[in-house]
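Just so we're clear, the structure is a prediction, and the values are computed from it rather than from any experiment.
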Amino acid sequence: AWVASWVTRKPFIVVIHGMDIRLAQQGLWKTVLTAQILQHARIVVTNSNALAQEVTHLFRVALPLVVYPCLPAVSASVSSQPKDAVLHLLTVGRLIERKGHLLVLMALSRLKQMGVIQTFVYDIVGDGPMRATCEQLTEELRLHEVVFHGSVSESIKQGLYQRADLFLMPVLSDEVDKEGFGMVYLEAAQFAIPSVGSYVSGVDEAILDHQTGRLVESGNLEQLIETIKELVLDVDRRHQLGLQAQQRVAQEFTC
């Protein structure tokens, strides 16, 4: 696009999500080339304030435009369905190490042993290279409450969101595969579900700690256990966070 702009004399726009910028820093020539491209763009768009600051600092791009992802409205017939008495936990995302599935499984095993959670279902939506590892750990921990759904249709995914009580995705910090924002946290919020995520740049804009969910230190199992325990036992607090998350999505993130 940059080269084409020399010939056509037409401006170009670059949209950045996170991982692309990390890959662009792998080597001096890539970094220099990326800086030239971004500095000559008419507009550089990022999907979070954290990413905008990173682009400004690394590539000296003045005033990137922050455009948060948006969500289509959920119909009232879907979002108003009553929940059952079983505790439903949910993760939606690629089955890769960075998403934190293994950490959640270990946390749930400990909570089950402690007697904090007894009757529950943990739905995992998504597929990827870590599926076999996750399934093996599930068997080792004897977590028969875990259901691997793989890739599902939008209607099935919405049904799983609708019945969920708590969304869990404590992503791990990764130097290359950066979590740019976290659309799934907003999807959960549409259904008044609070999320548990990590203090990772971008995620802390999708989840407001103690307002729309909870954030824990990346990779901190003990903190994750305590946070899930708190939200499982304090139903009123969980509902309050979920409603605040839903209100925020309606005000700030509809298309």
Side-chain angles (χ1 to χ4, degrees), residues 17-19 69-75 77-79 81-84 86-109 111-112 117 119-139 141 143-172 174 177 179-198 200 202-203 206-207 212-216 224 227-228 231-232 238 241-242 245-246 249 253:
H17 291 90
M19 183 180 178
C70 71
L71 294 169
V74 174
S75 66
S77 61
V78 174
S79 59
Q81 294 295 320
K83 297 180 184 292
D84 57 39
V86 178
L87 178 69
H88 288 276
L89 308 172
L90 176 64
T91 299
V92 177
R94 289 179 295 152
L95 287 171
I96 55 176
E97 186 175 2
R98 182 177 62 79
K99 296 293 184 177
H101 295 87
L102 298 180
L103 207 64
V104 173
L105 292 172
M106 289 186 285
L108 295 181
S109 176
L111 289 165
K112 186 178 176 181
I117 54 175
T119 305
F120 71 98
V121 175
Y122 176 35
D123 293 303
I124 297 179
V125 174
D127 221 329
M130 288 289 292
R131 177 160 182 167
T133 303
C134 291
E135 289 176 335
Q136 181 180 349
L137 181 61
T138 299
E139 291 180 8
L141 297 175
L143 286 172
H144 61 271
E145 299 89 352
V146 178
V147 181
F148 290 90
H149 294 270
S151 298
V152 300
S153 66
E154 188 64 27
S155 61
I156 291 176
K157 185 175 72 170
Q158 286 201 358
L160 292 170
Y161 273 126
Q162 183 271 320
R163 77 174 189 178
D165 298 291
L166 187 60
F167 186 85
L168 306 171
M169 200 173 80
V171 297
L172 305 175
D174 189 293
D177 192 2
E179 187 75 32
F181 186 75
M183 280 287 288
V184 288
Y185 302 120
L186 300 185
E187 290 178 357
Q190 279 187 304
F191 293 87
I193 308 164
S195 295
V196 176
S198 307
V200 173
V203 175
I207 303 172
T212 65
R214 292 299 312 277
L215 298 173
V216 300
L224 178 62
T227 300
I228 295 175
L231 294 177
V232 166
R238 193 171 73 228
L241 292 173
Q246 189 178 49
V249 166
F253 296 103

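Below 30°, between 30° and 60°, or above 60°: for Phe167 and Tyr185 the angle between ring planes is above 60°, a perpendicular geometry.
For the side-chain hydrogen bond (donor to acceptor under 3.5 Å, both in side chains) test, no residue two or more places apart in sequence or in another chain qualifies with Thr119.
Annotation for Leu224 and Pro170: closest pair CD2-CG, 3.9 Å, computed over non-hydrogen atoms. Considering every non-hydrogen atom in both Met169 and Val184, the closest pair reads CE-CG2, 3.6 Å. Taking both residues in full, the closest heavy atoms of Ala206 and Gly182 are given as CB-O, 3.9 Å, listed atom of the first, atom of the second, then distance. Of all heavy-atom pairs between Leu241 and Gly213, the closest is CD2-N, 4.0 Å.
For the pair Phe191/Arg163, no side-chain contact is recorded, criterion being any heavy-atom separation below 4.5 Å from C-beta on. Counting heavy atoms from C-beta on, the side chains of Arg214 and Ile228 never come closer than 4.5 Å. Side-chain contact between Leu137 and His101: absent, with no pair of heavy atoms (C-beta onward) separated by less than 4.5 Å. Residues Ile117 and Leu87 are in side-chain contact: their nearest non-hydrogen atoms beyond the backbone lie under 4.5 Å apart. Side-chain contact between Leu143 and Tyr122: absent, with no pair of heavy atoms (C-beta onward) separated by less than 4.5 Å. In this structure, Leu95 and Ile124 have side chains that are in contact, with non-hydrogen atoms separated by less than 4.5 Å.
Heavy-atom contacts from other residues, nucleotides or ligands closer than 6.0 Å to CD of Glu97 number 12 or fewer.
Residues Glu187 and Tyr161 have side chains that bring a donor and an acceptor to within less than 3.5 angstrom of each other.
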> Given Leu89 and Glu145, is the side chain to side chain contact (heavy atoms under 4.5 Å, CB included) satisfied, shown in steps?
Replying inline: CA-CA 10 Å; Leu89 308 172; Glu145 299 89 352; over 6 Å; no
> Stepwise, does the side chain to side chain contact (heavy atoms under 4.5 Å, CB included) test hold for Met183 with Leu71?
Replying inline: CA-CA 8 Å; Met183 280 287 288; Leu71 294 169; 3.3 Å; yes
> So Phe120 and Asp165, side chain to side chain contact (heavy atoms under 4.5 Å, CB included) or not? Walk me through it.
Replying inline: CA-CA 10 Å; Phe120 71 98; Asp165 298 291; over 6 Å; no
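Gln190 places a side-chain N or O within 3.5 Å of a backbone atom of Pro72 that can act as its donor or acceptor partner. Using a distance-only test at 3.5 Å, with no hydrogens or angles considered, no donor-acceptor pair links the side chain of Arg98 to the main chain of Val171. A donor-acceptor pair under 3.5 Å links the side-chain atoms of Thr138 to the main chain of Cys134, judged by distance alone. The closest donor-acceptor contact from the side chain of Ser198 to the backbone of Leu172 lies at 3.5 Å or more, if one exists at all.
For the atom pair CE (Met106) and CG (Leu102), the distance works out to 6.0 Å, reported to the nearest 0.5 Å. With values rounded to the nearest 0.5 angstrom, Ser195 atom OG is found 7.5 Å from Leu166 atom CG. Rounded to the nearest 0.5 Å, atoms CD1 (Ile193) and CD (Gln162) are 8.5 Å apart. Leu108 contributes atom CG, which lies 10.0 Å from atom CG of Leu103 (distance to the nearest 0.5 angstrom). Atom CD in Glu139 sits 7.5 Å away from atom CD in Gln136 (nearest 0.5 Å). Interatomic distance, His149 NE2 to Asp123 CG, rounded to the nearest 0.5 Å: 3.5 Å.
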